[in-house]
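Down below is the structure, laid out as C-alpha cells.
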There are 2 protein chains.
Amino acid sequence: MHDLLFDFISKYISLTEDEKNAVVSLAIFRSEKKGTTLLNAGEKSNDGYFVLKGCIRTYYVIDGEEKTTAFYTEMEALTPHCVTTKASSEYYISCVEDSILLVSDPDMETEIFSKFPKFETLCRILAEELLAKQQINFDEFKTSSPEQRYLNLLQKRPDLVKRVPQHQLASYLGIKPQSLSRLRARILEKNKG
Amino acid sequence: MHDLLFDFISKYISLTEDEKNAVVSLAIFRSEKKGTTLLNAGEKSNDGYFVLKGCIRTYYVIDGEEKTTAFYTEMEALTPHCVTTKASSEYYISCVEDSILLVSDPDMETEIFSKFPKFETLCRILAEELLAKQQINFDEFKTSSPEQRYLNLLQKRPDLVKRVPQHQLASYLGIKPQSLSRLRARILEKNKG
DNA sequence: CAAAAACGTTCACTTAAGTTAAGAAATGAT
DNA sequence: ATCATTTCTTAACTTAAGTGAACGTTTTTG
C-alpha cells in the first residue's frame with residue numbers, strides 16, 4: 001500500500017528515508033465499501049482523499065436526480081471544495097467500488113509542510129498539473145458534442161466506461177441516461193452499416 | 001500597478017518590505033494591445049500571465065473555426081498547459097482588450113521560491129483554490145443547459161457578457177453563435193410574454 | 001429465495017441546438 | 001468618410017437531446 005504511494009510520489013520528487021517515515025507515521029489509510037458515502041451535501045469536512053485503489057465519485061442531487069460530475073480512480077486526488085471554502089458541501093462523495101483511500105486534512109498538511117518543505121513543493125506541482133489537465137478536459141468538453149465526448153472517453157479512460165454505471169456516466173457526459181443509450185446504439189449502427 | 005498586485009497578494013499572505021522588493025525587482029510587466037497574440041498553437045513557451053488590467057482569452061482553431069474556451073480578467077492567472085508539459089501549445093492566447101500583464105516563468109519562480117518559501121505557499125494555495133473553483137465551474141456546466149449556462153454567466157460575470165464578442169462567448173458556453181443569438185431572443189420573448 | 005428496487009434500453013413525441021444562407025449592423029483600415 | 005471585413009441576427013430546415021412511459025434485466029435486500 002505504501003509502495004503504491006511512494007512509486008507515485010517518486011515521479012515528482014525523491015524522498016529520503018526520514019521523509020518516507022514521516023509520511024508513514026502521518027498517513028491515514030481507510031478502506032471503504034462500495035456505496036459508502038464519504039461526504040453528504042450540506043455537511044462540512046476537512047478531509048481530502050487520494051485514491052490508492054478503487055473509485056469514488058462526486059455527485060449533486062438536483063430536482064431529486066443524482067448528477068455525477070467527477071470520478072476519481074487510482075492515483076487521483078480529490079480535495080472537496082468545502083475544505084477550501086470552509087463552507088458546507090454542495091455535493092456528495094461516495095464510493096463507486098470498494099476503495100482504499102489515503103485521507104488528509106489541512107492540519108496534517110501544515111505539520112508535514114513545516115517539517116519537510118519538499119512536500120509543499122510536491123503539492124504545488126500536483127495542484128498546478130491538475131489545474132492544467134482539468135482546463136484541457138473542460139476545453140474538450142466545451143468543444144465537442146455528447147457523442148464525441150463519449151468516444152473520447154472510450155479512448156482516454158476505457159476502464160471508466162466499464163467500471164461505472166451508465167446513468168452515472170451519462171451525467172458525467174452532460175446528458176440523460178436515455179440519450180447515452182441512444183447514442184451508443186447510434187454508434188453501433190454506424191459501425192455496422 | 002504594484003499596488004494592484006500587493007492588494008491581491010495580501011488577501012492570502014502578508015509580505016515584508018524585503019519580500020515586496022524581491023517581487024518588484026523580479027516582476028516583469030507587459031502592456032499589450034487588443035488583438036495581440038501572446039502564444040500561437042504549435043509553439044512552446046514558459047510564460048505564465050497574471051492579468052492586472054484587461055482581458056485575455058485562450059482559443060483553439062478546430063476545422064478552421066475559433067473556439068474560445070476561457071477568459072481571464074483582472075486578478076486572474078493563466079499558466080498555459082504547455083508550460084507544465086513542455087510540449088507545444090494546443091491553443092492560442094490573445095488579448096481581448098488592451099491589457100496589462102504580469103509575466104512569470106518557472107526559472108523566476110524557482111529563484112523567488114528558494115529565497116522566500118512563502119511565495120511557494122502562496123502559489124500552492126492559489127492553485128488549490130483555482131482547482132476547486134474550476135471543478136465547481138465544470139460541474140455547473142455539465143449539469144445545465146446552454147440557456148441556463150448563459151443566465152448563470154449573466155449573474156456571475158455580467159461584465160464578461162458586455163466586454164466580450166458574442167461569437168467568443170458562444171463557444172465559451174459550448175454552443176454556436178447563431179444558437180446564442182436565438183437563445184437570447186428566446187429569453188427576451190419569455191420576459192415580455 | 002423471492003419480492004422489490006434500481007438499472008438499461010427502446011419508443012414516440014417535444015424541444016432546442018446545428019447547419020446553411022442571407023442580410024443588417026458594427027468595426028476597422030485606408 | 002468610405003469601403004471592406006467582421007460580427008450579429010434572423011429564418012428555414014436538419015439533427016440530436018430532453019421527456020415520459022413501458023418493459024425486460026440486473027441487483028439488493030429482507
Side-chain angles (χ1 to χ4, degrees), chain A residues 33-37 55 57 59 61-68 71 92 94-98 141-154 160-190 192-193, chain B residues 33-37 55 57 59 61-68 71 92 94-98 141-154 160-190 192-193:
Chain A
K33 283 273 158 214
K34 175 176 175 174
T36 304
T37 296
C55 177
R57 67 176 174 126
Y59 66 96
V61 174
I62 298 172
D63 298 331
E65 271 187 34
E66 278 189 14
K67 307 268 188 178
T68 298
F71 297 102
Y92 298 79
S94 82
C95 298
V96 175
E97 304 171 347
D98 292 356
F141 194 96
K142 278 181 181 172
T143 57
S144 39
S145 66
E147 184 171 326
Q148 288 171 317
R149 297 202 284 259
Y150 174 72
L151 290 171
N152 193 28
L153 193 67
L154 271 182
L160 214 57
V161 181
K162 285 173 198 150
R163 290 167 90 165
V164 152
Q166 295 295 310
H167 69 285
Q168 289 176 17
L169 256 195
S171 46
Y172 182 70
L173 293 169
I175 57 177
K176 299 282 142 113
Q178 298 94 314
S179 298
L180 179 53
S181 266
R182 177 170 41 196
L183 170 165
R184 281 157 57 96
R186 198 166 61 219
I187 290 170
L188 276 177
E189 204 48 46
K190 278 183 197 166
K192 269 187 203 163
Chain B
K33 282 274 158 212
K34 174 176 174 175
T36 304
T37 297
C55 177
R57 66 176 175 127
Y59 67 96
V61 175
I62 298 174
D63 298 330
E65 271 187 34
E66 278 190 17
K67 307 269 187 177
T68 298
F71 296 103
Y92 299 77
S94 81
C95 298
V96 176
E97 304 172 345
D98 292 355
F141 194 95
K142 278 183 183 173
T143 57
S144 40
S145 67
E147 183 171 327
Q148 287 171 317
R149 298 201 284 259
Y150 175 72
L151 290 170
N152 194 28
L153 193 67
L154 270 182
L160 215 54
V161 181
K162 285 173 200 150
R163 292 167 88 163
V164 153
Q166 295 293 311
H167 69 285
Q168 290 175 15
L169 255 195
S171 47
Y172 182 71
L173 293 169
I175 58 177
K176 299 282 143 111
Q178 299 93 315
S179 298
L180 178 54
S181 265
R182 176 170 42 196
L183 171 165
R184 282 158 55 98
R186 198 165 62 220
I187 291 169
L188 276 177
E189 203 47 45
K190 277 184 197 166
K192 267 187 203 165

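Residue numbers start from 1 in every chain, and the chains themselves are labelled A, B, ... in the order their sequence lines are given, proteins ahead of strands.
- Whole-Å rounding puts the Leu169(A) CG to dC7(C) P distance at 13 Å.
- A salt bridge links Asp98(B) with Lys33(B): at least one charged nitrogen is closer than 4.0 Å to a carboxylate oxygen.
- Rounded to whole Å, atom C1' of dT6(D) lies 14 Å from atom CD of Glu65(B).
- Side-chain N/O atoms of Arg182(A) and base N/O atoms of dG18(D) include a donor-acceptor pair closer than 3.5 Å.
- At whole-Å resolution of the value, CG in Leu188(B) and C1' in dT9(D) are 12 Å apart.
- Taking only side-chain atoms of Ile175(B), from C-beta outward, the nucleotide of dA17(C), dT10(D), dG8(C) with the closest atom is dA17(C).
- Side chains of Ser181(A) and Arg184(A) form no contact here, defined as non-hydrogen atoms less than 4.5 Å apart.
- In this structure, Lys162(B) atom NZ and dA26(C) atom C1' are separated by 19 Å, rounded to whole Å.
- The 5' end of DNA chain C is approached more closely, in terms of each residue's nearest nucleotide, by Val164(A) than by the other of Leu183(B) and Val164(A).
- Here the C1' atom of nucleotide dG28(C) and the CG atom of Asp98(B) are 14 Å apart, to the nearest Å.
- Atom NZ in Lys34(B) sits about 11 Å away from atom C1' in dA26(C), given to the nearest Å.
- The aromatic rings of Phe141(B) and Phe141(A) stand perpendicular to each other, their planes meeting at an angle above 60°, with 30° marking the opposite boundary.
- Within the structure, every side-chain polar atom (N or O) of Ser179(A) is placed at least 4.0 Å from both OP1 and OP2 of dA17(D).
- The side chain of His167(A) lies closest to dG8(C), out of dT19(C), dC8(D), dG8(C).
- The nearest whole Å value for the distance from the CZ atom in Arg186(B) to the P atom in dT15(C) is 12 Å.
- The side chain of Lys176(B) lies closest to dG18(C), out of dA17(C), dA17(D), dG18(C).
- Atoms CZ (Arg184(B)) and P (dA17(C)) sit 14 Å apart, rounded to a whole Å.
- Taking only side-chain atoms of Gln178(B), from C-beta outward, the nucleotide of dA21(C), dC8(D), dT9(C) with the closest atom is dA21(C).
- The existence of a salt bridge linking Lys190(A) and Glu147(A) is confirmed by a sub-4.0 Å separation between a basic side-chain nitrogen and an acidic carboxylate oxygen.
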Can you give each donor-acceptor pair under 3.5 Å made by side-chain atoms of residues 160-174 of chain A, sequence neighbours left out, with the distance rounded to 0.1 Å?
unit_1	atom_1	unit_2	atom_2	d
Arg163(A)	NE	Glu97(A)	OE2	2.8
Arg163(A)	NH1	Glu74(A)	OE1	3.1
Arg163(A)	NH1	Asp159(A)	OD2	3.4
Arg163(A)	NH2	Gly54(A)	O	3.1
Arg163(A)	NH2	Glu74(A)	OE1	3.4
Arg163(A)	NH2	Glu74(A)	OE2	3.2
Arg163(A)	NH2	Glu97(A)	OE1	2.9
Ser171(A)	OG	Thr68(A)	N	2.8
Ser171(A)	OG	Thr68(A)	O	3.4
Ser171(A)	OG	Gln168(A)	O	3.3

